[in-house]
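The structure appears below as structure tokens.
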Amino acid sequence: MRVTSILATLAGASTASARMMRIAADSLEWDWSVTDWSAGCAETCTYDFNVTGMGNSTDKPPSPSFKAHCSGEGEGADYSRCIALEKAETDYRVVAKLLPSNNSTNGTSHRPQIQVSLRYTDLASDTTWWNFTGKAEASYNQFVAPLMNFTITPDTVYGVA
């Protein structure tokens with residue numbers, strides 16, 4: 001499912017009645033911390049982790065603090081909804097998915113790419129919402145290595161007003 005169709009569905013508004021905005025993600029400085037990452041593949045690939053973002057009310061658009069626990073399965077599967085672990089200054093929803101595998105042809109192990117998307121109601125206007133999406137490469141570490149921590153930097157930012 002395309003991110004734009006997810007955004008329209010989540011907003012509950014048609015594009016005819018809403019104004020879509022896009023912001024250059026590289027103009028924002030908002031990194032999310034992924035902690036306790038665990039992922040592995042048996043019959044299907046699974047993942048489990050926490051993701052946290054520290055809010056900043058002076059950002060344009062202002063960003064909320066959030067913390068969520070994410071788990072799911074299947075490379076290339078649809079987004080799975082994460083569980084919010086903390087209440088924030090606005091409503092938010094976090095979803096995550098493993099991107100399709102980029103298996104190499106020489107038989108070496110591939111590294112998973114996790115994609116996380118945060119949708120939240122604007123801090124200044126409850127009729128506007130924002131969606132930040134970012135991805136990162138990690139490792140399949142279940143049973144062979146300790147839990148991992150890393151950073152995701154959003155690379156796509158949309159808003160609807």
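All heavy atoms count here, side chains included; hydrogens, waters and symmetry mates do not.
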(message) Check this for me, if you would: do Asp155 and Lys135 make a salt bridge, where the nitrogen-to-carboxylate-oxygen distance has to be below 4.0 angstrom?
(response) yes
(request) Answer with yes or no after comparing the ring centroid distance for Phe150 and Trp37 against a 6.0 Å cut-off, counting only values under it. (result) yes
(message) For Phe132 and Trp30, I'd like to know if the aromatic rings sit close, meaning centre-to-centre distance below 6.0 Å.
(response) yes
(message) Can a donor-acceptor pair be found, under 3.5 Å and without considering hydrogens, that links the side chain of Tyr92 to the backbone of Lys67?
(response) yes
(request) Give a yes or no on whether the backbone of Thr58 and the side-chain of Asn56 come within a donor-acceptor separation of less than 3.5 Å. (result) yes
(request) Answer yes or no: are there more than 12 heavy-atom neighbours, outside Met21 itself, under 6.0 Å from its atom CE? (result) yes
(request) Tell me yes or no: between the side chains of Ser125 and Thr127, is some donor less than 3.5 Å from an acceptor? (result) yes
(message) Is it true that His69 and Asp48 share a donor-acceptor pair across their side chains at a distance under 3.5 Å?
(response) yes
(request) Would you mind telling me which of Leu98, Val51, Val34 makes a side chain to side chain contact (heavy atoms under 4.5 Å, CB included) with Ile114? (result) Leu98
(request) Inspect the surroundings of CD in Glu86 and state if more than 12 heavy atoms from other residues, nucleotides or ligands are less than 6.0 Å away. (result) yes
(message) If only side-chain N and O atoms count, and only distance matters, is there a donor-acceptor pair under 3.5 Å linking Thr133 with Asn131?
(response) yes
(message) If only side-chain N and O atoms count, and only distance matters, is there a donor-acceptor pair under 3.5 Å linking Ser139 with Asn141?
(response) no
(request) List for me each residue that meets ring-ring contact (aromatic ring centres under 6.0 Å, His included) alongside Tyr47, sequence neighbours excluded, and say none if there are none. (result) Phe49
(request) Provide the closest heavy-atom pair for Pro62 versus Ser57 in the form atom of the first, atom of the second, distance. (result) CB-O, 3.7 Å
(message) Whether Arg119 engages the ring of Trp129 as a cation-pi pair (distance to the six-membered ring centre under 6.0 angstrom, angle to the ring normal within 45°) should be assessed.
(response) yes
(message) Between Val94 and Val116, does the side-chain contact (heavy atoms from CB on, under 4.5 Å) criterion hold? Intermediate values first, please.
(response) CA-CA 7 Å; Val94 179; Val116 177; 3.8 Å; yes
(message) For the residue pair Asp91 / Thr121, report whether a side-chain donor-acceptor contact shorter than 3.5 Å exists.
(response) no
(message) To the nearest 0.5 Å, what is the distance between CG on Asn50 and CG on Leu147?
(response) 10.0 Å
